[in-house]
Amino acid sequence: MRLVFAGTPDAAVVTLRALLDSPRHEVVAVVTRPDAPAGRGRKLVRSPVGRVADEAGIPVLTPARPSDPDFLTRLAELAPDCCPVVAYGALVPRKALDIPRYGWVNLHFSLLPAWRGAAPVQAALRHGDEITGATTFRLEEGLDTGPVYGVVTERVRPTDTAGDLLGRLAESGARLMVATLDGIEDGTLEARPQPAEGVSHAPKVTVADARVDWTAPPVAIDRLIRSVTPEPGAWTTFRGERLGIGPVTRPDDAPGLAPGELRAEKRRVLVGTGGTPLQLGEVRPVGKRAMPAPDWARGVRIEPGERLT
């Protein structure tokens, strides 16, 4: 099939590469979000998907909105049979959805109808799901509501961060997307409506959402931190300045501490919670690289009774 692939972040690159390697399909163009400022110099940077397309010599379309008339005209000229999409980052209007004869097929990183929305992997971790997965479905104007072609499942590991889990889902999801497009082309795969039960939503995670509440139970804090690692990154404050927090562990032997209260020992740093204390892993002070918590504690010389707030 002639394909126009839509996607933006690293998680979408895996599927794009799989489609480029497929002997059955031809990627004739890529749609991605416009170049965005990044880094200290705020220079415009191409998206990960855009960079891979450039390397492969494939035309890259970067409309400000998929409803732009010029983009719709160009998409129609390309005459795709189907538009596979992975984490593109913008809502696709009906006029664009109607152009390819097989529509747009979206790869979503949850078992729909669970966790519709922008942050399904983060939501699964934060809520303690034991099983998650990825779904291919036909895109429609509703938010992740279209009929389903196929699913793959993935067990959530106790130490998974969002980065870990998304990395595995990107790999298995890419294989699912290729199999889905093969089945559509063969006429052997039929999309089926999503169940009416089990609907949940996963809105975009903000920086404010990633702030740690040390009065929460330790299991909730652990899940929160892992769910926002690496992006946007968990954080707290110490002596009035922001402090990034990496994944924590739950020690078997820890003294009682008030929520947020720090205890620096030779080889570990403990912090109090709404239950038993947690052991800090890496921390990231403002303007510095991440470092082991004991190294940070020796540098700042934690006083008895000091807290993370």
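In this text, all values refer to a predicted model and were calculated from it rather than measured experimentally.
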| field | salt_bridge(Arg74, Asp68) N-O dist < 4.0 Å | value | no
Check your understanding: Between Thr145 and Glu140, do the side chains contain an N or O donor and an N or O acceptor separated by less than 3.5 Å?
Key -> yes
**Message:** Is there a side-chain contact between Ile58 and Leu20 in this structure, where contact means two heavy atoms from C-beta onward sitting under 4.5 Å apart?
**Reply:** yes
Is Glu265 salt-bridged to Arg263, going by a charged N under 4.0 Å from an acidic O? yes
Is any NZ, NE, NH1 or NH2 atom of the basic residue among Arg46 and Asp54 found under 4.0 Å from an Asp or Glu carboxylate oxygen of the other?
-> yes
_Arg226/Asp222 salt bridge by N-O under 4.0 Å criterion_ = yes
With sequence neighbours left out, the residues meeting ring-ring contact (aromatic ring centres under 6.0 Å, His included) with His127 are Trp115
Would you call Arg298 and Asp295 a salt bridge, taking side-chain N to carboxylate O under 4.0 Å as the test?
yes
Is it the case that the side chain of Arg116 and the backbone of Ser110 share a donor-acceptor pair, with hydrogens and angles ignored and the cut-off at 3.5 Å?
no
Applied to residues 75-91, the side chain to side chain donor-acceptor pair (under 3.5 Å) test, sequence neighbours excluded, yields Asp81-Arg101
### Message
Count I, L, V, M, F, W, Y as connected when their side-chain heavy atoms are under 4.5 Å apart, and connections chain through other members. Are Met177 and Tyr102 then in the same cluster?
### Response
yes
### Query
Between Val156 and Glu130, is any pair of side-chain heavy atoms under 4.5 Å apart?
no
Less than 4.5 Å apart, side chain to side chain, heavy atoms only: is that true for Val212 and Leu308? no
Quiz item: Is any side-chain heavy atom of Phe5 less than 4.5 Å from a side-chain heavy atom of Thr15?
Solution: yes
**Asked** Hey, are the side chains of Pro285 and Leu243 touching, using non-hydrogen atoms and a 4.5 Å cut-off?
**Response** yes
Smallest heavy-atom separation, Pro218 atom then Thr273 atom, equals CD-OG1, 3.6 Å
In terms of heavy-atom contacts, Ala134 and Leu111 come closest through N-CD2, 4.0 Å
Side-chain atoms of residues 228-237: list all donor-acceptor pairs with protein atoms under 3.5 Å, sequence neighbours left out, distances to 0.1 Å.
{"from": "Thr229", "atom 1": "OG1", "to": "Ile225", "atom 2": "O", "distance (Å)": "2.6"}
{"from": "Trp235", "atom 1": "NE1", "to": "Val207", "atom 2": "O", "distance (Å)": "2.8"}
{"from": "Thr236", "atom 1": "OG1", "to": "Trp214", "atom 2": "NE1", "distance (Å)": "3.0"}
{"from": "Thr236", "atom 1": "OG1", "to": "Thr309", "atom 2": "O", "distance (Å)": "2.7"}
{"from": "Thr237", "atom 1": "OG1", "to": "Thr309", "atom 2": "O", "distance (Å)": "2.9"}
{"from": "Thr237", "atom 1": "OG1", "to": "Thr309", "atom 2": "OG1", "distance (Å)": "2.5"}

* To do: Before giving the answer on side chain to side chain donor-acceptor pair (under 3.5 Å), spell out for Asp164 and Thr161 the whole-Å C-alpha distance, their side-chain angles and the decisive distance to 0.1 Å.
  => CA-CA 5 Å; Asp164 297 332; Thr161 64; 3.1 Å; yes
For the residue pair Leu61 and Leu78, establish whether any side-chain heavy-atom pair is separated by less than 4.5 Å. yes
